[in-house]
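Just the heavy atoms: all of them, side chains too, but no hydrogens, waters or symmetry mates, feed the values below. Order of the sequence lines fixes the chain letters, A, B, ..., with proteins taken first and strands second; residue numbering starts at 1 for each chain.
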Number of protein chains: 2
Amino acid sequence: MRILLIEDDTVLGAAVRDQIAGDGQSVDWVTRLDAATEALSGTGYDLMLLDLMLPDGRGIPFLRVLRARGDVTPVIILTALDQISDRIEGLNAGADDYMVKPFDLAELSARIGSVARRYAGNPNPIITHGGLEVDLAARSVLREGRPVTLTAREWALFEAFLQRPGQLLSKAQLEDKLYAFGSEVESNTIEVHVSRLRKKLGAGVIETERGLGYRLGAG
Amino acid sequence: MRILLIEDDTVLGAAVRDQIAGDGQSVDWVTRLDAATEALSGTGYDLMLLDLMLPDGRGIPFLRVLRARGDVTPVIILTALDQISDRIEGLNAGADDYMVKPFDLAELSARIGSVARRYAGNPNPIITHGGLEVDLAARSVLREGRPVTLTAREWALFEAFLQRPGQLLSKAQLEDKLYAFGSEVESNTIEVHVSRLRKKLGAGVIETERGLGYRLGAG
DNA sequence: ATCAATCTGACAGCAAGCTGACCGCCGCAA
DNA sequence: TTGCGGCGGTCAGCTTGCTGTCAGATTGAT
């Protein structure tokens with residue numbers, strides 16, 4: 001698996017590079033966005049690790065441009081603790097996961113494995129569930145053959161269910177998934193997003209277990 | 001943790017088996033892919049160690065088929081082929097890690113620990129009891145293969161029994177478990193919930209000991 | 001047989017969940 | 001800058017079905 005690491009901190013960058021290399025992955029490490037752009041113009045990467053503060057620009061607009069161009073390479077954002085709002089923005093911009101600095105290198109390996117596994121299987125694996133066809137890599141859903149567009153939050157939520165089909169997920173678990181960090185959602189946000197998802201995907205897709213949580217309905 | 005070792009070299013296989021067993025894991029060792037397929041048809045494994053060259057076929061297509069079927073059991077490849085192309089092919093096929101022979105047994109233990117940790121919380125241990133299959137993490141119960149849905153209270157109660165299989169639990173103990181704090185349960189709530197559980201799970205699951213309490217029936 | 005303990009069907013109160021509506025915010029375009 | 005449009009968090013009123021309670025039936029011990 002080829003990984004592009006975009007990080008200007010030389011100490012952290014070297015540590016991450018060594019960790020990933022130790023996992024048997026191949027890593028290219030750049031410290032600037034222009035170098036990243038150049039690297040991306042070549043053969044594709046399977047995963048990107050993106051720092052948000054770089055000497056020649058910020059990571060979020062960079063990611064946004066990337067996604068606008070149609071690039072669906074999985075991205076894990078590396079961000080410092082004091083950039084909470086950036087993380088939410090990052091999710092909106094199309095990031096797949098977050099790591100908050102300072103982070104445990106073993107956990108980084110785990111996240112990489114998890115994101116990679118999500119996209120494993122060479123072409124785009126299509127998950128069919130009821131009348132739905134889901135392409136996780138392309139972030140597209142067809143319902144009865146017709147395309148459905150989901151927002152960033154809706155995707156994050158739907159993915160959580162698809163990754164553990166049949167498993168019950170509590171609201172707390174889903175909040176952790178959507179907000180990656182213990183940000184304070186004080187209202188019925190999850191309920192609202194579930195409601196919006198159901199409206200788009202159909203009523204039977206997500207089932208409620210009163211007092212416990214939600215789970216993906218039987219296909 | 002249950003590990004399936006697929007390795008035709010009897011010397012290496014025995015060494016690996018003994019090493020893992022020494023770590024306190026339980027190992028099943030097969031030397032052929034068809035035996036592996038058979039082993040996998042039973043109850044799930046938490047990890048697979050897969051040799052790439054076996055008497056009745058190659059490991060990579062085997063793994064590819066496994067993944068295509070939706071099996072996400074972590075796989076560590078054991079290979080004598082130090083070729084990069086094989087490594088990449090293996091990882092593409094869905095392997096989580098690899099070891100190049102000859103390898104240090106202590107390192108194998110470390111890798112096993114690492115992969116297992118990565119999946120911690122993922123592989124849901126299944127408790128079988130009579131005709132029931134219970135997945136505590138997913139909060140799902142199958143009765144004679146058919147799903148049963150429990151409410152929040154029913155889960156709490158059932159869990160209390162599962163955590164202490166065979167042990168007698170008084171009504172007072174169960175009330176403490178269900179209501180956590182000294183709330184006032186003034187009626188036969190526990191009896192009612194036990195009744196509801198029995199109706200959903202079958203009559204023999206929870207046994208009454210008149211005047212004493214309840215216990216989980218012999219599976 | 002008698003009595004206490006337990007079982008279970010029925011029911012209503014209420015908390016959990018649903019959803020339409022509102023509005024602030026951000027990114028984009030002029 | 002201003003305006004526009006879409007996303008997402010919050011709220012309020014409504015709906016749903018879980019759960020505690022009770023009463024009559026049943027069981028088991030003596």
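Rounded to whole Å, the distance from CD on E207(B) to P on dT27(D) is 17 Å. Taking atom NZ of K199(B) as the reference point, atom C1' of dC18(D) lies 14 Å away to the nearest angstrom. The distance between atom CZ of F62(A) and atom P of dG27(C), rounded to the nearest whole Å, is 17 Å. Distance R196(B) CZ to dG20(D) P: 8 Å, rounded to the nearest Å. The separation between I190(B) atom CD1 and dT21(D) atom P is 11 Å, rounded to whole Å. For the pair E154(A) CD and dT19(C) C1', the computed distance is 14 Å after rounding to whole Å. In this structure, CG of L157(A) is placed 11 Å from P of dG9(D), rounded to the nearest angstrom. Whole-Å rounding puts the L197(B) CG to dT19(D) P distance at 11 Å.
Side-chain atoms of T189(B) lie closest to dG20(D) of the nucleotides dG9(D), dC28(C), dG20(D).
At a cut-off of 3.5 angstrom, counting only N and O atoms as typed in the model, there is no donor on one side facing an acceptor on the other between the side-chain of R153(B) and the base of dG17(D).
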Might you list the N or O atoms of the protein lying below 3.5 Å from N or O atoms in nucleotides 2-6 of chain C, with each pair's distance?
{"unit_1": "dA5(C)", "atom_1": "N3", "unit_2": "R210(B)", "atom_2": "NH2", "d": "2.9"}
{"unit_1": "dT6(C)", "atom_1": "OP1", "unit_2": "G211(B)", "atom_2": "N", "d": "2.8"}
{"unit_1": "dT6(C)", "atom_1": "OP2", "unit_2": "K171(B)", "atom_2": "NZ", "d": "2.8"}

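Partners of T128(B) according to the side-chain hydrogen bond (donor to acceptor under 3.5 Å, both in side chains) rule, which considers only residues two or more places apart in sequence or in another chain, do not exist here. Qualifying side chain to side chain contact (heavy atoms under 4.5 Å, CB included) partners for E207(A), counting only residues two or more places apart in sequence or in other chains: R215(A). For V27(A), the side chain to side chain contact (heavy atoms under 4.5 Å, CB included) partners two or more places apart in sequence, or in a different chain, are L5(A), R17(A), I20(A). Residues passing the salt bridge (Lys or Arg N to Asp or Glu O under 4.0 Å) test with R153(B), sequence neighbours excluded: none. Listed by chain and residue number, R2(A) satisfy the salt bridge (Lys or Arg N to Asp or Glu O under 4.0 Å) test with D28(A) (two or more places apart in sequence, or in another chain). Every salt bridge (Lys or Arg N to Asp or Glu O under 4.0 Å) that D34(A) has, sequence neighbours left out, goes to R32(A). Here T151(B) pairs with E154(B) under the side-chain hydrogen bond (donor to acceptor under 3.5 Å, both in side chains) rule; sequence neighbours left out.
A donor-acceptor contact shorter than 3.5 Å links the side chain of T37(A) to the backbone of L33(A). Within the 3.5 Å criterion, the main-chain N or O of R146(A) finds no donor-acceptor partner in the side chain of E144(A).
The phosphate of dC18(D) (OP1 or OP2) has no side-chain N or O of H193(B) nearer than 4.0 angstrom. Between T151(B) and dT19(D) there is a side-chain polar atom (N or O) within less than 4.0 angstrom of OP1 or OP2. For the pair S195(A) and dG20(C), the criterion of a side-chain N or O lying under 4.0 Å from OP1 or OP2 is not met.
Residue-level contact check: V194(A) touches neither bases nor backbone, having no heavy atom under 4.0 Å from any strand.
An end-to-end axis angle of 30° holds for the helix from dA1(C)-dT30(D) to dA30(C)-dT1(D), taken from five base pairs per end and rounded to 10°.
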